[in-house]
Amino acid sequence: MPELPEVATIVRTLAPHVAGRRIIDARILSPLAAAGRSKALAAHLTGRLIHALRRRGKFIVFDLDDGVLCVHLRMTGKLLLDAPPGKFTRAILELDSATLLFDDVRQFGRLSWSKALPPNVARLGPEPFDLVPRTFAERLKARRGRVKPLLLNQAFIAGLGNIYVDEALFRAGIHPRAQASHLSKRRAESLHAAVVEVLAEAIAAGGSSISDYVDAQGRSGGFQRFHRVYGRVGEPCPHCASQIRRIVVAQRGTHLCPRCQRL
DNA sequence: ATCTATTCCTGGCTGC
DNA sequence: TGCAGCCAGGAATAGA
């Protein structure tokens, strides 16, 4: 599941091959990939020059000579460079120098063209690396809900998903159901430090590959080996050796150490 | 603002 | 081996 570190890795591996290149042809094979606007999407993309590629939250943004292409991979989406098309190829962008495939088994991922950054991207919250600890703590203090759903809320902070929220909360020793506004300044700042730390480590490891994720060159990430709670139900907590448990918070599978993360 | 529930989608898993 | 039923999950959406 591509979250910030996975998207960052994809952008890093893809950018040198697409920046400055032209889209010669765009074929949308599945209407779902373009949210039912296949023809319009193909027409908007064909002939466009790609100025730059960047990440915003979990979105991959192609800055074009006319408009922007925003890609969200959701669960199983992939952008693959010079790979053979397969059963799950949903779109093909033929560049002047390479072929870019959008593969997506579950078809939750979306490609969209717009003249300017679309509202769902424009209204994303701050990037984790741009936030200073004090601001993060103040933002937490001002909210009512529980901390996990807040961290998953892309308008509160952009780029975190289920894996890194669970990992960051574990590192900070905070229960996912803790009230955000009740966290002390010290605890809130340590949560910010945990978020930044786990994201940086994951980026350095090329992201986490649980089932589907690979970068633009088809390479798996390595950070799943360093997950401390995510997907480790029943295993000993690396800190206190209690069994890692799975609970449900805001309809999300949530992994935690019941001893290190008390309510 | 914040909560819950629902929808989307399908490979892979469990259990019979 | 086959098949039904369920699960995973990000984001949008509806309704409380």
Side-chain angles (χ1 to χ4, degrees), chain A residues 1-8 10 28-38 55-61 70-79 86-91 102-112 114 117-125 127-128 138-169 176-183 195 199 202 207-214 220-221 224 227 229-234 244-256:
Chain A
M1 305 128 237
E3 303 180 25
L4 189 155
E6 291 74 32
V7 176
I10 291 164
I28 314 303
L29 308 184
S30 165
L32 278 171
R37 304 179 41 75
S38 304
R55 179 191 63 74
R56 178 73 175 99
K58 300 177 203 171
F59 286 85
I60 299 164
V61 181
C70 291
V71 179
H72 199 303
L73 301 170
R74 294 285 188 99
M75 321 289 296
T76 56
K78 303 174 184 179
L79 284 180
K87 193 174 160 189
F88 306 117
T89 300
R90 311 301 184 186
F102 172 63
D103 277 26
D104 188 14
V105 170
R106 292 188 202 170
Q107 304 210 81
F108 274 20
R110 296 289 181 266
L111 276 59
S112 74
S114 46
L117 220 52
N120 59 338
V121 181
R123 61 168 182 252
L124 288 171
E127 289 289 329
E138 285 166 2
R139 286 171 66 81
L140 271 186
K141 198 84 195 162
R143 294 299 200 108
R144 289 208 166 268
R146 299 177 191 274
V147 67
K148 172 157 178 172
L150 197 54
L151 294 178
L152 288 172
N153 181 346
Q154 301 299 300
F156 180 76
I157 186 168
L160 296 178
N162 213 34
I163 296 174
Y164 297 106
V165 165
D166 283 4
E167 290 296 317
L169 287 170
R177 286 204 260 251
Q179 291 291 330
S181 63
H182 293 178
L183 294 173
V195 166
L199 292 177
S208 301
S209 291
I210 301 296
S211 57
D212 294 272
Y213 165 72
V214 290
S220 294
Q224 65 284 356
H227 291 176
V229 289
Y230 187 87
R232 299 210 180 274
V233 178
I244 301 301
R245 284 188 49 198
R246 184 183 183 278
I247 61 174
V248 175
V249 180
Q251 288 88 240
R252 301 258 172 257
T254 298
H255 311 74
L256 79 165

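Here the structure is a predicted model, which means the values were calculated and not measured. Chain A is the first sequence line, chain B the second, and so forth, proteins listed ahead of strands; every chain is numbered from 1.
- Closest to the side chain of A/His72, from the set B/dT10, B/dA5, C/dA11, is C/dA11.
- With rounding to whole Å, A/Arg252 atom CZ is found 12 Å from B/dT4 atom P.
- Residue A/Phe108 has its side chain nearest to B/dC9 when only C/dA11, B/dC9, B/dA5 are considered.
- Separating the CZ atom of A/Phe156 from the P atom of B/dT2 is a distance of 10 Å, rounded to the nearest angstrom.
- An OP1 or OP2 oxygen of B/dA1 is reached within less than 4.0 angstrom by no side-chain nitrogen or oxygen of A/Arg143.
- Residues A/Leu169 and A/Leu256 are not in side-chain contact: their nearest non-hydrogen atoms beyond the backbone lie 4.5 Å or more apart.
- The side chain of A/Arg106 lies closest to C/dA8 when the candidates are B/dT4, C/dA11, C/dA8.
- None of A/Thr76, A/Val105, A/Asp212 except one satisfies the side chain to side chain contact (heavy atoms under 4.5 Å, CB included) rule with A/Phe88; the exception is A/Val105.
- Residue A/Ile210 is classed as having no contact, given no heavy-atom separation below 4.0 Å to the nucleic acid.
- Using a 4.0 Å heavy-atom distance criterion, A/Arg177 is classed as making no nucleic acid contact.
- Remark: the A/Arg74 side chain and the C/dG9 base include no donor-acceptor N/O pair separated by less than 3.5 Å.
- Two residues, A/Asn120 and A/Tyr230, neighbour DNA chain C, and the one matched to the more 5' nucleotide by heavy-atom proximity is A/Tyr230.
- Counting to the nearest Å, the C1' atom of B/dA1 and the CG atom of A/Leu140 are 16 Å from each other.
- For the pair A/Val195 and A/Pro128, the tightest heavy-atom approach, listed with the atom from each and the gap, is CG1-CB, 4.2 Å.
- Ring pair A/Tyr164/A/His227 is perpendicular by interplanar angle, where above 60° counts as perpendicular and below 30° as parallel.
- Rounded to whole Å, atom C1' of C/dA8 lies 17 Å from atom CG of A/Leu73.
- A straight line from CG of A/Asn153 to C1' of C/dT13 spans 14 Å, rounded to a whole angstrom.
- Few gaps surround CZ on A/Arg56; more than 12 heavy atoms of other groups in view lie less than 6.0 Å from it.
- OP1 or OP2 of C/dA11 lies within a sub-4.0 Å distance of a side-chain N or O belonging to A/Lys58.
- Candidate nucleotides B/dC9, B/dT2, C/dA11 were compared by shortest atom distance to the side chain of A/Gln154, and C/dA11 ranks first.
- If you check every strand for non-hydrogen atoms under 4.0 Å, A/Arg146 touches sugar and phosphate atoms only.
- Residue contacts for A/Phe59: at a heavy-atom cut-off of 4.0 Å it reaches no nucleic acid atom on any strand shown.
- Counting to the nearest Å, the P atom of C/dG10 and the CD1 atom of A/Ile60 are 16 Å from each other.
- The distance between atom CD of A/Gln107 and atom C1' of B/dT7, rounded to the nearest whole Å, is 15 Å.
- Rounded to a whole Å, the CG atom of A/Leu150 is 14 Å from the P atom of B/dT4.
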